[in-house]
Amino acid sequence: MSETIEKKETGEKESGKKEMEKAYIPAQAEAKWYAFWKERGYFTPKIDPDKKPWVCIMPPPNVTGALHTGHALFVAIEDAFTRYHRMLGDPTLWLPGSDHAGISGETTVEKLLWKEEKKTKVEIGRDEFLKRVWEWMDKYRNVILNQMELLGASADWTRNAFTMDLPRQRAVRVAFKKLYDAGLVYRAARIVNWCPGSLTVISDLEVEMKEEQGFLWYIRYPVKDEPGRFVTVATTRPETMLGDTGVAVNPQDERYKDLVGKLLILPLVNREIPLVADDAVDASFGTGAVKTTPGHDPLDFEIGQRHNLPIINIMNPNASINENGGPYAGLDRFVARKRIVADLEAGGFLVKTEPYTHNVPYSEKAGVPIEPLVKEQWWIKIGSLAAPALQAAYDGRVKFVPERFKKTYIDWMENIRDWPVSRQLYWGHPIPIWWCDACGSTFSSAEEAVAACEKCGSSDIRPDADVLDTWFSSGMWPFSTLGWPDQTDDLAYFYPGSLMETAPDIIFLWVARMIMFGLYFMGEVPFHTVYLHGLVRDEKGEKMSKTKGNVIDPLEIVAQYGSDALRFTLLTGSTPGVDAKLSATRLADSRNFANKLWNATRFITLSGLDDVRPTLPALQAGMPLADRWIVSRYNVLAAEVTRLIENYQLGEAGRLLYDFLWGEFCDWYIEASKLRLNSPDPATKEAVQRVLVGVLEGSMRLLHPFMPFLTEELWQNLPHEGESLCIAPWPTPAVEQDAEAVKSFEALQDVIKGIRNAKSEAKVESKRVAAIIAARPGFEALFETERETLIRLAGLEGAKLEIHAEAALPEAPRQALSFVTDGATVYLPLAGLLDLEVERGRLSKEIEEARKEIEKSERTLGNASFVDRAPAAVVAKEREKQLATQERLAKLEARLADLG
RNA sequence: GGGCAGUUAGCUCAGUUGGUAGAGCACCACGCUUACACCGUGGCUGUCAGAGGUUCGAGUCCUCUACUGCCCACCA
């Protein structure tokens, strides 16, 4: 095998080729052709001012991740579109890169540091830690991208970018300063999501709600100076009572009306706190009284704001109780919870405890419950950024595939809130803001190092300690990768891009931000189409996850089934926006398809193609029927595949190719071609070879976006023009077809299938049975001309085949098995072999079915409103059908009578 | 609590302008026909979740219901 493959390294046409192996071995073709494409620079587009480019910016995978099936799916999809456009001749750019992955990046290296040196990032210090992160990043940054090459990703690696590389660092500073100078960045103390695991603030989008079994504790708070009176509150988080500065009730709640404004005594702490009335409280829940902890609950924070309740922070950054927690200081929040509940019970304050299922907010990345707390952060005012981004969706400048995601996007954007962008991490883009200790002002600079305060000139300045949310640099990706803020040729030519292909779960985190930033910084949407793919699930339809242990490694699949099989399975098994399951049987099916094509090509090349031209002959009246049929079908295929890809329906397009190549080209055309291939007449042989080669070569071009390696390998084995299929022209969709030929060939197929079917059912030995065809008017010539095809495909070698015009049939054969098609009545004389009873039964059954069909047609056609209102063509078709069925019925009945 | 999907042959899924239900796998039978057993030929399998409506006609449009999944949401 290796010898065979290695010989054809350049793809030049060569004669005296070695025979192809019996089965397709993907690994060798894959490695060879990827290297070939890459070396030749096919993936790097040439800027041509006269042509409109096609651009897809790859969603940069996280450096910290391992290649998973999600990556395989997006590579399959994006690469298919990329290859399609490249073949169309568009200057095509698929720009790859990777993401520094803020929190995950930081924690990955933190864990490593702890594992190897038992040190924390704080111990080694910011600079040393960042040095370690960079070392790690440089080592692993391109691992996933390199693995994508095994999947055939035809991305332009010369433009590979990283969200933290120097050009991107500068772009981030310039962008942030612009926002800052425009007054869109502000600092405010609000309640934020604090992640006690990674010790940073995170945005609402990075919080994941998990349903948990917890408890609802009912605690009574004594009313001051009214011994024996209490207000009972219900809470899921008793430990936060240490920070309570009030209790709230609904103003309409009769139970508490007389108590509003009075003071309560906070148990254990003995702080006096007011009872306030606030509309946010639902009187029907719990006791109708809410303990209010403005420092640790978003709703309580709002209530606190309205009633001037003090904010008490009772937590340390790691979510242990701080000095404000008195005797509980130092305890972890969950330990403190137990202790406090016990103490409340001991003190007689605990009324009851109910099991309660509720949602607990978790930090997505760190996997621990977040702690809401009040902290000063940098925020981006989002309103003026969101408005144009909404407009772009309203007026269709950005389209969504499938369209329903447009609604998702709009709903979220219409309710968007300001964006907290600062993160208390080491790893990330430093926030380009400087604090001046001399004049107390802050300013932003796009320079990496700043010496003096912009306002007062003092050198007594310090940079902000925080870094930016990782999605800030991701949001700039569609233009930062093209060289922004410099006015590069790339930026001028390739922006705005064409397609953004990604997963629906990051519409808000990423897509929305790219659209906002694209409009703000570039004045144009970053892409005109957002294509959202579904999740890849395992065989049982379950989400793959490390903890479940059902993660499928795409590279293992590639090794087992081949890259093309994986790609084809993912593409044909998915519809936009719908989850796909990856099963072994479907993978095997795709692999078998590859093998089938391999062998079809092998068969054709084995016939000796040295002098065969690679062009598909145009349809001509004089061509043999089968040729006119397959060329017509191929033309339809090319047009349909093109249309479907343009409509982002890769799955349908792939299935069409599968059905055509296997079900029509291999099963019928190749089988039919064998006769002419064996012809002693060289012209006859060459004519059929040209069609075989032409259709297959064209189909390889149509299939290339789906199965790049196999198609290149086969294409190189066939007569072809050009050095690589990768840059071969996309077949021009031709609508030209010979409808008459298609109809005739189908009539022929019906008879062939009928004979096969009849023989199989009658369980008669295959080649000995004679057949008598009584051709209906207009079909005599067809069967006579295709006599040899009929004999071969119906398995009638060694048997007698009579073809008569229906009217000229000497006499209807008795003791014959028979069937009726639109083109003929066919008899298989089987005297002695035929079980008349069975045959009568079969005919009766068919007669019954025909009658039912006719009845149905009669009903439809008898319906006046159908005839009036349905389109003429539909009515005509129904009439035609009725007539045909009636004719068939008559013949079937005659046959039954003949049997006696 | 709101929203969005899915529910089609035993299994996995197609079915995009409404016009007589499809594929692969599995299963059964036959087959070493000079490309392929990762194959060929034939066969079997469906009240298109349920109910109602619009329409001459609905898997396809509308309403409701059920189950499954996802997204959004400050009920302590």
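Protein chains get the first letters and strands the later ones, always in sequence-line order, with residue 1 at the start of each.
- In this structure, A/T605 OG1 and A/N717 CG are separated by 6.0 Å, a value rounded to the nearest 0.5 Å.
- In this structure, A/K753 reaches the sugar-phosphate backbone alone: every heavy-atom distance under 4.0 Å involves primed, P, OP1 or OP2 atoms, never a base.
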Listing, residues 206-214 of chain A side-chain donor-acceptor contacts under 3.5 Å, not counting sequence neighbours, or none:
{"residue": "A/E206", "atom": "OE1", "partner": "A/S203", "partner atom": "N", "Å": "2.9"}
{"residue": "A/E206", "atom": "OE1", "partner": "A/S203", "partner atom": "OG", "Å": "3.0"}
{"residue": "A/E206", "atom": "OE1", "partner": "A/R423", "partner atom": "NH2", "Å": "3.1"}
{"residue": "A/E212", "atom": "OE2", "partner": "A/Y362", "partner atom": "OH", "Å": "2.3"}
{"residue": "A/Q213", "atom": "OE1", "partner": "A/T357", "partner atom": "OG1", "Å": "3.1"}

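- We find that CZ of A/F660 is positioned 20 Å from C1' of B/A14, with the value rounded to whole Å.
- Ring planes of A/F665 and A/F660: parallel class, angle under 30° (limits at 30 and 60°).
- Counting any heavy atom pair closer than 4.0 Å across all strands shown, A/Y356 reaches sugar-phosphate atoms only and no base atom.
- Checked by distance alone, A/K596 brings a side-chain donor or acceptor within 3.5 Å of a matching partner on the base of B/C36.
- Rounding to the nearest 0.5 Å places CE of A/M700 at 8.5 Å from CG of A/L657.
- Counting non-hydrogen atoms under 4.0 angstrom, A/K881 reaches a base of the nucleic acid.
- Base engagement by A/D282 is indicated by at least one non-hydrogen atom pair under 4.0 Å involving a base atom.
- Residue A/E302 contributes atom CD, which lies 13 Å from atom C1' of B/A76 at whole-angstrom precision.
- Distance check on atom C1': B/C44 versus B/C28 gives 7 Å, rounded to whole Å.
- Between B/G59 and B/A21, the distance separating the two P atoms is 8 Å to the nearest Å.
- Salt-bridge check for A/D659 with A/R655: failed, with every basic side-chain N at 4.0 Å or more from each acidic carboxylate O.
- Distance A/F819 CZ to B/G42 P: 12 Å, rounded to the nearest Å.
- Listed by residue number, there are no residues of residues 206-218 of chain A with a heavy-atom contact under 4.0 Å to RNA chain B.
- On a pure distance criterion of 3.5 Å, no polar donor-acceptor pair joins the side chain of A/E797 and the base of B/U33.
- Atom CG in A/D279 sits roughly 17 Å away from atom P in B/C75 (whole-Å rounding).
- In this structure, the nucleotide among B/A14, B/U16, B/C38 sitting nearest to the side chain of A/Q649 is B/U16.
- Secondary-structure annotation of RNA chain B gives the stems B:1-7 with B:66-72, B:10-13 with B:22-25, B:27-31 with B:39-43, B:49-53 with B:61-65, with a stem taken as at least 3 successive Watson-Crick or G-U pairs whose two distances both fall under 3.5 Å.
- With P as the reference atom, B/C62 and B/U17 are 15 Å apart, rounded to whole Å.
- The residue A/F405 sits apart from the nucleic acid: no heavy atom pair falls under 4.0 Å.
- Rounded to a whole angstrom, the distance from the P atom of B/U45 to that of B/G6 is 29 Å.
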Verdict with supporting geometry, A/E853 and A/R851, salt bridge (charged side-chain N to carboxylate O under 4.0 Å, His left out):
CA-CA 5 Å; A/E853 263 180 63; A/R851 282 197 181 128; over 6 Å; no
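- When rounded to the nearest whole Å, the span between CG of A/L373 and P of B/C74 equals 17 Å.
- Here A/A588 lies out of heavy-atom contact (under 4.0 Å) with every strand.
- Among B/G19, B/C36, B/G3, the nucleotide with an atom closest to any side-chain atom of A/K407 is B/G3.
- The ring pair (Phe, Tyr, Trp, His ring centres under 6.0 Å) check on A/F603 picks up nothing, with sequence neighbours excluded.
- For the P atom pair drawn from B/A73 and B/G2, the interatomic distance equals 16 Å after rounding to whole Å.
- The residues A/K877 and A/E880 are annotated as not salt-bridged, no charged nitrogen and carboxylate oxygen being separated by less than 4.0 angstrom.
- The line from CG of A/D564 to CD of A/E713 is 10.5 Å long, rounded to the nearest 0.5 Å.
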Anything under 3.5 Å between a protein N or O and an N or O of nucleotides 23-32 of chain B, put it in a table, one pair a line.
{"residue": "B/G24", "atom": "O2'", "partner": "A/D589", "partner atom": "OD1", "Å": "3.4"}
{"residue": "B/G24", "atom": "O2'", "partner": "A/D589", "partner atom": "OD2", "Å": "3.0"}

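- A salt bridge does not link A/K674 with A/E788: every distance from a Lys NZ or Arg NE/NH1/NH2 to an Asp or Glu carboxylate oxygen is 4.0 Å or more.
- The nucleotide whose nearest atom lies closest to any side-chain atom of A/R756 is, among B/G19, B/C75, B/U41, B/U41.
- For A/R602, counting side-chain heavy atoms from C-beta on, the closest listed nucleotide (B/C71, B/A35, B/C75) is B/A35.
- A/P361 has its side chain within reach of A/I370: a pair of non-hydrogen atoms, C-beta onward, lies under 4.5 Å apart.
- Of the two residues contacting RNA chain B, namely A/F593 and A/T235, the nearest-nucleotide position lying further toward the 5' end is that of A/F593.
- As rounded to whole Å, 11 Å separates atom P of B/G40 from atom CD1 of A/I670.
- Rounded to an integer number of Å, the gap from CZ of A/R643 to C1' of B/U17 is 10 Å.
- Across all strands, A/P871 comes closer than 4.0 Å to base atoms (heavy-atom distances).
- Ion pairing between a basic and an acidic side chain is recognised when a charged N comes within 4.0 Å of a carboxylate O; A/E846 and A/R888 show such pairing.
- Residue A/V281 is in base contact, counting any heavy-atom pair closer than 4.0 Å across all strands shown.
- Across B/C72, B/A76, B/U34, the shortest atom-to-atom separation from the side chain of A/R792 is found for B/U34.
- Shown here are the salt bridge (charged side-chain N to carboxylate O under 4.0 Å, His left out) partners of A/R591, two or more places apart in sequence or in another chain: there are none.
- Taking 4.0 angstrom as the limit, A/R404 places none of its side-chain polar atoms (N or O) nearer than this to OP1 or OP2 of B/U16.
- Contact between the side-chain N/O atoms of A/N757 and the OP1/OP2 oxygens of B/G43 is found at a separation under 4.0 Å.
- Set against B/G19, B/U41, B/C4, the side chain of A/D667 has B/U41 as its closest nucleotide.
- Separating the CD atom of A/Q749 from the P atom of B/U41 is a distance of 11 Å, rounded to the nearest angstrom.
- Contact annotation for A/R417: backbone-only contact, meaning every heavy-atom pair under 4.0 Å involves sugar-phosphate atoms and none involves a base.
- Under a cutoff of 6.0 Å and an axis angle of 45°, A/R190 and A/W419 do not form a cation-pi pair.
- Residue-to-nucleotide contacts include no donor-acceptor pair under 3.5 Å from the side chain of A/K22 to the base of B/A37.
- Toward the 5' end of RNA chain B, the nearer of the two residues A/L205 and A/H358, judged by each one's closest nucleotide, is A/L205.
- If you run side chain to side chain donor-acceptor pair (under 3.5 Å) between A/R333 and each of A/E239, A/E371, A/H296, only A/E371 comes through.
- On a pure distance criterion of 3.5 Å, a polar donor-acceptor pair joins the side chain of A/E671 and the base of B/A35.
- Taking atom P in both B/A26 and B/A37, one finds a spacing of 16 Å when rounded to whole Å.
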